[in-house]
Amino acid sequence: MVIVYLLMHRVPMLLIAVAALLIVTPVIGYRPRPELKPKRSQNLVSSSKLDDIRYHMGPVLTADITIHPIWYGAWQNSQKNIIREFIYSISAVHSKHPSVAEWWETVQLYTDKTGANVSRKVLLAEENDSFYSHGKSLTRSSMQYVIRSAVTAGAKPLLITKSGLYLLLTSPDVHVQDFCNHICGFHNLTWKSIVGYTLLYAWVGNSGKLFPQTCAFPFAVPEYMAGFKALKPPNGDVGVDGMISFIGHEVAELATDPVGNAWYSGQEPSLPLESADICEGIYGTGDDVPYTGHVLKGKDGATYNMNGIKRRYLVQWAWNYVVSACTGPNALDQ
């Protein structure tokens with residue numbers, strides 16, 4: 001997101017969102033505000049905004065989308081598998097309802113100027129383990145060098161593909177510029193002068209040890225929310241379960257507005273509001289569960305709103321420009 005845009009959508013405490021784009025300024029996901037109140041609807045959730053999302057004639061990702069995770073820092077394989085399955089689940093057609101694949105159907109509605117839709121296929125592609133190759137503190141600039149190392153590695157470089165998304169994921173002990181203080185994730189384009197290619201990439205950080213109450217809400221709760229009990233994460237990992245919604249957020253925006261001239265709100269790309277920004281913090285209709293709306297609770301007490309292939313996830317909805325509302329798999333449909 002080019003410039004910070006404070007979204008006053010009426011979703012409790014969940015998320016000021018900013019989507020950035022354009023080559024030099026990233027699309028940014030900001031977190032909630034306690035004074036915002038939820039808006040109730042039978043099947044949809046509307047959101048206040050400056051302008052509805054409109055098409056600006058740029059490309060969307062109509063070819064098969066390949067996601068290349070770049071694991072930066074120390075990651076347990078069990079944590080990687082939670083994220084891997086989420087990516088696999090986007091294209092899985094036989095998952096239990098409500099499913100991650102049904103959530104992606106909203107993203108698929110977006111088209112390019114030929115009428116071609118965003119691809120249904122989102123594939124997990126080659127991965128890279130970067131460990132701490134550039135230290136335990138990253139800036140926006142140093143991220144470019146991490147990605148360059150991943151795509152130019154001597155042994156197993158990540159492939160360069162037309163619809164490739166390079167997903168930089170930082171472990172809980174890695175400090176990232178503005179992480180938690182302002183942002184929980186963003187997407188952008190790499191700098192050809194550094195990386196050698198102009199690639200689509202996103203960063204999402206694991207806030208489990210830093211500020212989970214900011215970027216892993218509602219699985220961790222800020223002190224000012226007295227009386228609100230943190231919800232149980234569906235996969236037992238506050239940091240990783242908190243990351244999942246932001247991963248979905250960034251992938252959805254990369255698919256619908258990859259280079260900053262496709263689907264966004266406003267007349268100028270300097271203040272873009274993209275397909276996931278409007279719905280940040282909306283997981284279902286209603287308000288009987290504070291700040292989340294109608295969501296599901298498993299027999300183990302875990303909170304989620306959609307099923308993957310085997311696991312469960314809590315993922316924000318996406319903006320449906322056809323009906324001008326946030327839509328997604330709904331617990332009310334059960």
Side-chain angles (χ1 to χ4, degrees), residues 1-2 5 7 9 17-22 26-29 43-47 49-67 86-87 89-93 98-123 161-165 167 185-189 199-202 245-269 271-280 282 306 315-330:
M1 270 109 237
V2 166
Y5 178 86
L7 254 202
H9 50 243
V18 178
L21 56 232
L22 266 260
V27 179
I28 302 170
N43 296 306
L44 310 171
V45 176
S46 298
S47 180
K49 55 194 181 299
L50 289 181
D51 197 6
D52 196 3
I53 286 181
R54 289 182 170 83
Y55 183 49
H56 297 79
M57 303 306 290
V60 302
L61 299 186
T62 59
D64 293 355
I65 299 168
T66 55
I67 297 182
F86 174 70
I87 296 171
S89 297
I90 294 175
S91 298
V93 295
S99 68
V100 174
E102 291 169 328
W103 163 79
W104 187 253
E105 288 176 359
T106 298
V107 181
Q108 282 181 257
L109 292 172
Y110 289 80
T111 60
D112 65 11
K113 59 187 177 183
T114 71
N117 293 82
V118 166
S119 176
R120 183 184 70 81
K121 288 189 177 181
V122 180
L123 310 172
T161 59
K162 180 180 179 181
S163 292
L165 309 183
L167 184 59
F186 66 80
H187 71 82
N188 203 358
L189 300 175
L199 305 175
L200 303 173
Y201 82 95
S245 191
F246 284 101
I247 291 172
H249 177 124
E250 302 304 338
V251 171
E253 291 186 343
L254 281 167
T256 57
D257 192 31
V259 296
N261 60 356
W263 291 91
Y264 63 87
S265 174
Q267 298 302 312
E268 298 295 334
L271 279 173
L273 190 62
E274 295 172 310
S275 59
D277 294 321
I278 296 179
C279 305
E280 195 169 359
I282 297 176
M306 59 188 75
V315 184
Q316 68 155 92
W317 283 4
W319 183 253
N320 184 325
Y321 77 92
V322 177
V323 296
S324 294
C326 299
T327 61
N330 200 334

(message) How close do Glu280 and His249 get, counting heavy atoms only, and between which atoms?
(response) OE1-CE1, 3.7 Å
(request) Go through the structure and list residues passing side chain to side chain contact (heavy atoms under 4.5 Å, CB included) with Asp64, not counting sequence neighbours. (result) Ser119, Lys121, Leu123
(request) Begin with the C-alpha distance, continue with both residues' side-chain angles, and end with the deciding distance and a verdict on side-chain contact (heavy atoms from CB on, under 4.5 Å) for Ile65 and Ile90. (result) CA-CA 11 Å; Ile65 299 168; Ile90 294 175; over 6 Å; no
(request) Would you name the heavy atoms of Ala101 and Ala92 that are closest together and state the gap between them? (result) CB-O, 3.0 Å
(message) Any non-hydrogen side-chain atom of Trp104 less than 4.5 Å from a side-chain atom of Val315?
(response) no
(request) Rounded to the nearest 0.5 Å, what's the gap from CG on Leu273 to CD on Glu253? Could you check? (result) 8.5 Å
(message) Are Ser275 and Ile53 packed together at the side-chain level, in the sense that at least one heavy-atom pair is separated by less than 4.5 angstrom?
(response) yes
(request) Can you sort out the partners of Lys113 under side chain to side chain contact (heavy atoms under 4.5 Å, CB included), two or more places apart, ordered by chain and number? (result) Tyr55, Met57
(message) Run the side chain to side chain contact (heavy atoms under 4.5 Å, CB included) test against Ala202 and tell me which residues pass, sequence neighbours left out.
(response) Leu167, His187, Glu250, Leu254
(request) Could you pull out the closest heavy-atom pair between Trp317 and Cys279, with the gap in Å? (result) O-CB, 3.2 Å
(message) Is there a side-chain contact between Met306 and Glu102 in this structure, where contact means two heavy atoms from C-beta onward sitting under 4.5 Å apart?
(response) no
(message) Here's a test for you: under side chain to side chain contact (heavy atoms under 4.5 Å, CB included), which of Asn261, Thr114, Asp257 qualifies with Pro59?
(response) Asn261
(request) Begin from the C-alpha positions of Ile278 and Tyr321 and carry the test side-chain contact (heavy atoms from CB on, under 4.5 Å) through to its verdict. (result) CA-CA 11 Å; Ile278 296 179; Tyr321 77 92; over 6 Å; no
(request) Kindly compute the distance separating CG (Leu61) from CG (Leu165), expressed to the nearest 0.5 Å. (result) 6.0 Å
(request) Measure the shortest side-chain to side-chain distance between Trp319 and Thr256 over non-hydrogen atoms and say whether it is less than 4.5 angstrom. (result) no
(message) How long is the straight-line distance from OG of Ser265 back to NE2 of His56, given to the nearest 0.5 Å?
(response) 8.0 Å
(request) Considering non-hydrogen atoms only, spot the tightest contact between Leu200 and Pro258 and give its length. (result) CD2-O, 3.1 Å
(message) Could you check whether any side-chain N or O of Ser91 sits under 3.5 Å from a backbone N or O of Arg120, counting only pairs where one atom can act as donor and the other as acceptor?
(response) yes
(request) List the steps, then state whether side-chain contact (heavy atoms from CB on, under 4.5 Å) holds for Trp263 with Thr111. (result) CA-CA 9 Å; Trp263 291 91; Thr111 60; 4.1 Å; yes
(request) Find the distance between CG (Asn117) and CG (Leu109) and round it off to the nearest 0.5 Å. (result) 7.0 Å
(message) Using side-chain heavy atoms (C-beta onward) and a distance below 4.5 Å, is Phe186 in contact with Tyr201?
(response) yes
(request) Return yes if some donor-acceptor pair links the side-chain N/O of Asn320 with the main-chain N/O of Thr106 below 3.5 Å, else return no. (result) no
(message) Is any side-chain heavy atom of Thr327 closer than 4.5 Å to one of Val322?
(response) no
